[in-house]
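Note that these values count all heavy atoms, side chains included, but never hydrogens, waters or copies made by symmetry. In what follows, chains carry the letters A, B, and so on, assigned in the order in which the sequence lines appear, proteins first and then strands, with residues in each chain numbered from 1.
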Protein chains: 2
Amino acid sequence: MPPTPSSELTARQREVLGFVRDHQRRHGHPPTTREIQAHFGFASQTAAVDHLRALARKGALQHHAGKARGHLPALAAALRTSLLEIPLYGTIPAGLPTAAEQEPDRYISVDAASLGVSARARLFALRVRGDSMTGANILDGDTVFLTPRDPRPGAIVAALIDGESTLKRFLVQRGRPFLRAENPRYPDLLPATELIIQGVMVGLLRQQPAA
Amino acid sequence: MPPTPSSELTARQREVLGFVRDHQRRHGHPPTTREIQAHFGFASQTAAVDHLRALARKGALQHHAGKARGHLPALAAALRTSLLEIPLYGTIPAGLPTAAEQEPDRYISVDAASLGVSARARLFALRVRGDSMTGANILDGDTVFLTPRDPRPGAIVAALIDGESTLKRFLVQRGRPFLRAENPRYPDLLPATELIIQGVMVGLLRQQPAA
DNA sequence: TGGCATACTGTTCAATTGAACAGTGATTGG
DNA sequence: CCAATCACTGTTCAATTGAACAGTATGCCA
């Protein structure tokens with residue numbers, strides 16, 4: 001994998017790459033060679049083709065040969081493949097969001113690299129309600145990202161405990177798992193009947209309220 | 001604008017829409033009618049065309065007629081247009097990230113709606129270093145999103161004060177602006193020579209460290 | 001019972017678009 | 001000074017792909 005392909009690119013090639021990225025972002029699909037030609041005012045289509053070839057050779061673009069439409073550019077691979085669309089299941093998930101066909105409120109788009117997760121990670125999001133996790137610097141209104149997997153002690157989890165869903169720190173003492181709010185005003189939760197871990201927290205997104 | 005177009009869609013139409021979205025996300029460009037045909041095993045290309053027409057009519061897709069390649073689908077408009085690519089300028093920005101042609105470390109992709117900002121917002125990101133803002137629940141390692149604009153008193157800002165860049169709360173007392181760390185161990189900062197506000201914090205992204 | 005939308009089959013045509021070929025001139029590194 | 005890369009012009013061809021036309025069968029609504 002090239003470390004920073006753009007460093008080897010010429011100024012003109014960066015311009016073309018910029019146009020391709022921009023077009024992709026704004027239109028949802030890469031430009032055609034003729035659109036590139038028109039944008040830069042080339043008299044020949046080949047000028048665009050040459051640039052694309054150079055960009056593909058240097059790893060800045062990946063070229064799906066022949067395949068017409070998306071034919072040439074496609075975004076820098078990393079950028080594309082790593083974009084996650086994370087379903088937001090509301091404040092208090094009624095069921096297991098991973099299992100049921102439950103409709104998410106909406107989707108949150110974040111790239112995997114920025115969250116430090118794999119591009120294939122299956123994440124879901126929940127809106128935090130209440131102040132029980134302020135000790136872990138998680139505030140009311142924050143959106144937390146979770147992945148369904150078994151938690152290690154100390155992890156922050158969304159759990160279904162005795163039918164109610166909450167965000168808490170998962171701890172184990174003498175082989176017995178329990179949940180602890182990161183706020184001294186809340187007591188530890190010992191599961192009476194069952195403790196179902198819906199997901200382990202991997203990240204957080206906050207909207208800073210306007211001052 | 002249709003409120004929730006998917007509600008009026010038939011099961012089959014939702015399937016096709018799902019395939020189009022998925023293809024878009026994974027390949028960076030929409031599928032062709034023939035790719036849809038192949039995926040669902042239609043004997044006729046027209047079956048795919050019919051579905052796309054229905055989806056466009058119901059507002060679930062937007063159809064760029066004739067224009068071959070990205071020709072038909074394109075994502076649901078809102079989803080596409082609102083994706084921000086936010087440049088990350090490192091831990092301590094040396095200059096004004098908005099002014100200079102300074103190369104960002106990398107880009108963070110987040111959709112505008114999830115950050116509560118306009119799709120046209122110009123944001124940049126900084127990595128937080130140190131514990132001077134723990135009182136505002138901003139931790140070492142967090143990534144903060146900022147927009148260049150004049151701060152209101154109480155806002156959290158990235159500021160260039162006497163040549164050094166820091167994240168602090170912006171306050172005004174008796175007409176005099178100053179910066180306050182949200183950590184009692186740090187003193188207030190009164191600008192000796194100049195106070196340049198680089199940006200106002202609008203959001204935050206955190207990678208939860210594995211427990 | 002007729003009309004309309006859905007969900008397809010099967011075929012043909014034209015437009016969009018990628019790709020190749022044959023050049024020119026400037027620059028740069030060995 | 002030669003080779004390679006860059007940055008183009010100008011033309012032609014073939015593949016991909018969208019679009020249209022003509023049907024069939026089903027279910028639903030009124």
Side-chain angles (χ1 to χ4, degrees), chain A residues 2 5-21 23-24 26-75, chain B residues 2 5-21 23-24 26-75:
Chain A
S6 58
S7 59
E8 327 156 4
L9 299 182
T10 68
R12 197 58 163 160
Q13 281 165 4
R14 267 195 299 275
E15 279 187 73
V16 176
L17 179 60
F19 173 71
V20 172
R21 284 203 176 128
H23 190 284
Q24 171 81 27
R26 283 217 276 269
H27 298 90
H29 53 74
T32 65
T33 54
R34 282 171 179 84
E35 282 167 343
I36 297 172
Q37 177 191 359
H39 179 263
F40 288 97
F42 298 145
S44 171
Q45 176 210 5
T46 311
V49 174
D50 281 356
H51 278 120
L52 293 170
R53 226 192 298 270
L55 287 168
R57 180 165 44 82
K58 294 181 176 180
L61 292 177
Q62 64 180 78
H63 183 179
H64 300 256
K67 311 303 309 193
R69 111 210 121 294
H71 150 241
L72 29 94
L75 267 183
Chain B
S6 57
S7 58
E8 327 156 2
L9 300 182
T10 68
R12 197 58 163 160
Q13 282 164 4
R14 267 196 298 275
E15 279 187 74
V16 175
L17 178 60
F19 172 71
V20 172
R21 283 204 176 127
H23 189 284
Q24 170 82 27
R26 282 217 277 268
H27 297 90
H29 54 74
T32 65
T33 54
R34 282 170 180 83
E35 282 167 343
I36 298 172
Q37 177 191 358
H39 179 264
F40 289 96
F42 297 145
S44 170
Q45 177 210 3
T46 310
V49 174
D50 281 356
H51 278 119
L52 292 171
R53 226 191 298 270
L55 287 167
R57 180 164 46 81
K58 294 181 177 181
L61 292 177
Q62 64 180 78
H63 182 179
H64 299 255
K67 311 304 307 190
R69 110 210 121 295
H71 152 240
L72 27 96
L75 266 182

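Donor-acceptor pairing under 3.5 Å, judged by distance alone, is present between the side chain of B/Thr46 and the base of D/dA20. Side-chain atoms of A/Ser44 come within donor-acceptor range of the base of D/dG10, with a qualifying N/O pair under 3.5 Å. Evaluation of atom-type donor-acceptor distances gives a pair under 3.5 Å for the side chain of B/Gln45 against the base of D/dG18. If you check distances only, the side chain of A/Thr32 never reaches the base of C/dG18 with a donor-acceptor pair under 3.5 Å.
Atom pair A/Gln37:CD and C/dT16:P shows a separation of 14 Å (rounding to whole Å applied). For the pair A/Glu35 CD and C/dT17 P, the interatomic distance rounds to 6 Å; values are reported in whole Å. Straight-line distance from the CZ atom of B/Phe42 to the P atom of C/dT6: 14 Å, rounded to whole Å. Rounded to whole Å, the distance from CD1 on A/Ile36 to P on C/dT17 is 12 Å. Rounded to whole Å, the distance from CG on B/Leu52 to P on C/dT6 is 13 Å. For the pair B/Phe40 CZ and C/dA7 P, the computed distance is 11 Å after rounding to whole Å. Between the CG atom of B/Asp50 and the P atom of D/dA22 there is a distance of 15 Å, given to the nearest Å.
Using a 4.0 Å heavy-atom criterion, one finds that A/Ala43 contacts the sugar-phosphate atoms exclusively. Residue B/Arg34 is classed as a base contact, given a heavy-atom separation below 4.0 Å to a base.
For the OP1/OP2 pair of C/dT6 and a distance below 4.0 Å, the side-chain nitrogens and oxygens of B/His51 include no atom meeting the criterion. Distances shown here put a side-chain N or O of A/Gln13 below 4.0 Å from the OP1 or OP2 atom of D/dA7. Between B/Arg53 and the phosphate of C/dA5, there is no side-chain N or O to OP1/OP2 separation shorter than 4.0 Å.
When each of A/Leu17, A/Thr46, A/Val16, A/Thr10 is paired with A/His51, the side-chain contact (heavy atoms from CB on, under 4.5 Å) condition holds for A/Val16 and for no other.
Ring geometry, B/Phe19 versus B/His39: the interplanar angle falls under 30°, so the pair is classed parallel (tilted spans 30 to 60°).
In terms of heavy atoms, A/Phe40 sits closest to A/Glu15 at CZ-O, 3.7 Å.
Closest to the side chain of B/Thr10, from the set C/dA7, D/dA7, C/dC8, is C/dA7.
Listed for the A/Thr32 side chain is a donor-acceptor partner under 3.5 Å among the backbone atoms of A/Glu35.
Contact of the B/His29 side chain with the B/His23 side chain is registered, since non-hydrogen atoms from C-beta on lie closer than 4.5 Å.
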